[in-house]
Amino acid sequence: MTKPIRTRIAPSPTGDPHVGTAYVALFNYALARKHGGRFILRIEDTDRQRSHPASETMIFDALRWLGLDWDEGPDVGGPVGPYRQSERSSIYREHAEDLVRRGAAYPCFCAPERLEALRVEQRAKKLALGYDGRCRALSTTEAAQRRSAGEPHVIRLSMPKDESMVVHDLLRGDVRFERPQMDDQVLLKSDGFPTYHLANVVDDHLMEITHVIRAEEWLSSLPKHVQLYRSFGWDEPIFCHLPLLRNADRSKISKRKNPVSLNHYRRAGYLPEALVNFLALMGWAMPDEREEFTLRELVERFDLKRVSLGGPVFDIEKLTWLNGKYLRRMAPEEILARLRRQLLSDDYLLRVLPLCRERIDTLEAFFDYAGFFFAGEVPYDAKALSGMIPKERTPSETARILKSLIEQKIDPLLEWDAGAVESALRDFSESSGWSAKELFMTVRVAVTGRAATPPLFDTLDVLGKEICRRRLRRAIETLRTMDEGK
RNA sequence: GACCCUGUGGUGCAGAGGCCUAGCACAUCACCCUUUCAAGGUGGAGAUCGAGGGUUCGAAUCCCUCCAGGGUCGCCA
């Protein structure tokens, strides 16, 4: 018997849960389940500035929603934990020191400013970018002295010199990298935290990961990882790089061109099994070309080698068609249950009702008044359109302001509640040159389609980030098609 | 710019030298069904398999060159 297969998904909790994470998780999950192995969730939160606990929770929720449950992870524990990298700092530090002792890594005292200047120079001379290895030439005694004197430094990996390096990818076979490409990567930052490269390799080894299945964007750093395994004297796992999901223009999928948050798909009413099915179709196919299948069936027939490498365009139209197929063959009772679970929970209704109670006279009036709380996108009639654009402002100006509102304030906001939304909007009002009055009415109409609504921040809070973002974008599109100077 | 990956209709895939006068699905068009709209059914249009060279009796499938797209070049992951 060979070793049991162990795979992992290793997201970093720096934003909304991403479709790409689900995509890669799915293939890792499928391989592990197919072979009776284990699927592990590890949180890569070594970037202290950007990591956020709210993001971590959303990742858990989203993956569970999709049915991609893990056997070991920060919340369920396991034999080789902890599964959160921020709780493993000492492990990485010890391993980095070990490498330094072996002469496979070295302390580097170059300041960020010097590195920046170096990059500028290299760019100007059209040279390959990368660390020039200055501190590698330091004697061990000098390096040790400067370290004990408390001089700030990082630890860098010594990459082999004057050679090309051949690494292996399950799907691509041998891949040869030329030396100039491979500079001495930082392993340990000056704050004592590891970089992705170190933490990832150390953890994959310690957690006995057998197959590293990750996105293609990592392929370029594979030589560094392989070098790390060699420096430690460890066996390498099997590496497999999945193609990147793409926008319609074939660039790497991004939130400016596509909804990428799993929360969006959940709120928009896509069924988890349909999303999973669709994701599996991105770069993979059943041997018999069947396109509709369950996660279970995927697992039964799964074969990593059947992944195709062209970057698949994430075609929402086809996803929507698939989702419709699933919905149409569901019993009404089941649809009702899904509706309740996903979009129309008592919990949600009980958040909407307090906002509407004082504004309705009959039960029936609720449906007329509160429709926008349940809709996807809202229509803008002529009145709404004029209400959306403040006096003295133009449609294109309004569109621009909404765009920067999304980018500067909405997207980075991970904890979405009335208070946070309010301060974000007030903040934006100050920096944008739009008065609170102008901004708030514009946002109100853009998000609800109406000039009369419950208090704005409560409304945005209850609607949730995904819907607000989506309707704001829709408003931008609408404004852009209007003529100037209205 | 350097390095790496990829390249089958607009999109997602099948195809692993002859079964391909290139198949399926989405989208699109037409028709049928239907009080309507969907859904469903039927059919159509759409690809000289990125291009050019080879290898071979024979290439979408093997080799080379070029081109195009993408990714990476961070004390971010």
Side-chain angles (χ1 to χ4, degrees), chain A residues 10-15 18 20-21 43-51 85 108-116 118-119 122-131 152-156 164-165 167 169 171-173 175-183 185-200 214-224 241-253 278-292 305-325 327-329:
Chain A
S12 105
T14 52
H18 200 276
T21 302
I43 292 294
E44 309 229 328
D45 55 350
T46 54
D47 184 336
R48 291 188 297 171
Q49 267 82 48
R50 297 206 292 170
S51 293
Q85 292 187 327
C108 168
F109 303 91
C110 294
E113 297 74 44
R114 170 170 130 74
L115 300 177
E116 183 50 37
L118 184 65
R119 267 192 291 273
Q122 286 167 335
R123 216 182 300 269
K125 290 185 180 167
K126 295 187 190 262
L127 296 168
L129 269 37
Y131 183 59
H153 63 279
V154 301
I155 302 293
R156 279 183 191 274
S164 62
M165 190 168 178
V167 296
D169 176 273
L171 297 168
R172 288 159 248 260
V175 181
R176 171 183 300 272
F177 286 83
E178 299 303 326
R179 155 74 198 171
Q181 163 71 195
M182 306 183 290
D183 66 336
Q185 182 59 44
V186 172
L187 298 179
L188 209 62
K189 310 177 215 175
S190 54
D191 65 4
F193 272 68
T195 58
Y196 169 85
H197 306 287
L198 208 221
N200 182 266
R214 67 222 311 187
E216 185 177 356
E217 54 191 332
W218 294 110
L219 188 57
S220 322
S221 39
L222 184 53
K224 293 164 186 168
H241 294 84
L242 263 20
L244 255 20
L245 261 21
R246 310 287 185 90
N247 297 312
D249 64 4
R250 299 211 166 268
S251 54
K252 171 163 106 169
I253 197 166
F278 178 70
L279 249 15
L281 258 18
M282 303 272 88
W284 197 82
M286 281 283 182
D288 62 0
E289 283 191 68
R290 188 158 56 106
E291 289 201 297
E292 292 164 52
K305 290 231 167 105
R306 284 186 66 84
V307 171
S308 62
L309 296 175
V313 171
F314 192 87
D315 181 3
I316 292 176
E317 237 174 330
K318 185 158 181 175
L319 165 62
T320 304
W321 163 80
L322 226 205
N323 200 67
K325 280 287 241 195
L327 216 45
R328 266 172 245 125
R329 61 169 170 247

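Chain identifiers are assigned alphabetically (A, B, ...) following the order of the sequence lines, protein sequences preceding nucleic acid strands; residue numbering begins at 1 within each chain.
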* Structure fact -> From NE2 of A:H18 across to C1' of B:rC76 the rounded distance in Å is 14 Å

* To do: Between B:rG52 and B:rA60, how far apart are the C1' atoms? Round to whole Å, please.
  => 16 Å

* **Whole-Å gap separating P (B:rA2) and CZ (A:F177)** => 17 Å

* **Watson-Crick or G-U wobble mate for B:rC24, both contacts under 3.5 Å** => B:rG12

* Counting any heavy atom closer than 4.0 Å, what does A:S12 reach on the DNA or RNA strands: base, sugar-phosphate only, or nothing? -> sugar-phosphate

* **Distance in angstrom units between A:I155 CD1 and B:rG74 P, rounded** => 19 Å

* Contact class for A:V186 vs. all strands (heavy atom < 4.0 Å): base, sugar-phosphate, or nothing? -> sugar-phosphate

* Ion pair check, A:R172 and A:D169, cut-off under 4.0 Å -> yes

* Look at all strands and tell whether A:E317 reaches a base, only sugar-phosphate, or nothing, counting heavy atoms closer than 4.0 Å. => sugar-phosphate

* Asked: Counting only side-chain N and O atoms of A:R328, is one of them less than 4.0 Å from OP1 or OP2 of B:rG40?
  -> yes

* With P as the reference atom in both, quote the distance from B:rU34 to B:rC29 in angstrom, rounded to an integer. => 23 Å

* **B:rG17 to B:rA25 separation - C1' atoms, rounded to the nearest Å** => 27 Å

* Asked: Quick one: CD1 on A:I155 to OG1 on A:T195, what's the gap to the nearest 0.5 Å?
  -> 11.0 Å

* Asked: Is the base of B:rC5 touched by the side chain of A:R172 through a donor-acceptor pair closer than 3.5 angstrom?
  -> no

* To do: Give a yes/no answer on whether the side chain of A:R246 brings an N or O atom under 4.0 Å of OP1 or OP2 in B:rG71.
  => no

* Please give, in whole Å, the distance from B:rC75 P to A:H197 NE2? -> 9 Å

* Do the side-chain N or O atoms of A:R176 get closer than 4.0 angstrom to the phosphate oxygens (OP1, OP2) of B:rC5? -> no

* Taking the side chain as every heavy atom from C-beta outward, state whether A:V154 and A:L188 have any pair of such atoms under 4.5 Å apart. => no

* Asked: Reckon A:R214 touches a base, only the sugar-phosphate, or nothing at all at heavy-atom distances under 4.0 Å?
  -> nothing

* To do: Can you tell me, in whole Å, how much space there is between the P of B:rU48 and that of B:rU36?
  => 40 Å

* Asked: CG of A:L219 versus C1' of B:rC4: gap in Å, rounded?
  -> 6 Å

* Determine the Euclidean distance between corresponding C1' atoms of B:rC62 and B:rC4; express it in Å to zero decimal places. => 23 Å

* Are any of the side-chain heavy atoms of A:P287 and A:R306 separated by less than 4.5 Å? -> yes

* **B:rA77 OP1/OP2 closer than 4.0 Å to side-chain N/O of A:K189** => yes

* Which whole number of Å gives the distance between the C1' atom of B:rA16 and that of B:rU72? -> 30 Å

* Is A:R290 touching bases, backbone alone, or none of the nucleic acid, heavy atoms closer than 4.0 Å? -> nothing

* B:rA27 base to A:K318 side chain: any donor-acceptor pair below 3.5 Å? -> no

* To do: Measure from NE2 on A:H241 to P on B:rU72 and round the result to the nearest Å.
  => 12 Å

* Enter the distance from A:Q185:CD to A:L198:CG here, rounded to the nearest 0.5 Å. => 10.0 Å

* Asked: What nucleotide among B:rA14, B:rC75, B:rG12 has an atom nearest to a side-chain atom of A:T195?
  -> B:rC75

* To do: Evaluate the side-chain proximity of A:R123 to A:L129: yes if any heavy-atom separation is below 4.5 Å, no if none is.
  => yes

* Asked: Think A:K252 has a side-chain N or O under 4.0 angstrom from the OP1 or OP2 of B:rU72?
  -> yes

* A:F314 vs A:F278 aromatic rings, parallel, tilted or perpendicular, using cut-offs 30° and 60°? -> perpendicular

* Asked: Expressed as a whole number of Å, how far does the P atom of B:rG41 sit from that of B:rU56?
  -> 49 Å

* Kindly say whether, by distance alone, the side chain of A:S220 makes a donor-acceptor pair under 3.5 Å with the base of B:rC73? => no

* Separation of atom CG in A:D249 from atom P in B:rG10, rounded to whole Å -> 16 Å

* Separation between the P atoms of B:rA59 and B:rG69, rounded to whole Å -> 30 Å

* Just to confirm, is there a sub-4.0 Å distance from OP1 or OP2 of B:rG74 to any side-chain nitrogen or oxygen of A:R119? -> yes

* To do: With salt bridge (charged side-chain N to carboxylate O under 4.0 Å, His left out) as the test, would you mind laying out the steps for A:E291 and A:K325 before giving the verdict?
  => CA-CA 11 Å; A:E291 289 201 297; A:K325 280 287 241 195; over 6 Å; no

* Asked: Donor-acceptor pair under 3.5 Å: do we get one between A:E116's side chain and the base of B:rG74?
  -> no

* **Distance, rounded to the nearest Å, where A:Y196 contributes OH and B:rC75 contributes C1'** => 17 Å

* **A:E44 side chain, from C-beta outward: closest of B:rA77, B:rC4, B:rC13** => B:rA77

* Asked: Is any side-chain N or O of A:K325 closer than 4.0 Å to OP1 or OP2 of B:rG40?
  -> yes

* Asked: Quick one: is B:rA77 close enough that its OP1 or OP2 comes under 4.0 Å of any side-chain N or O from A:T46?
  -> yes

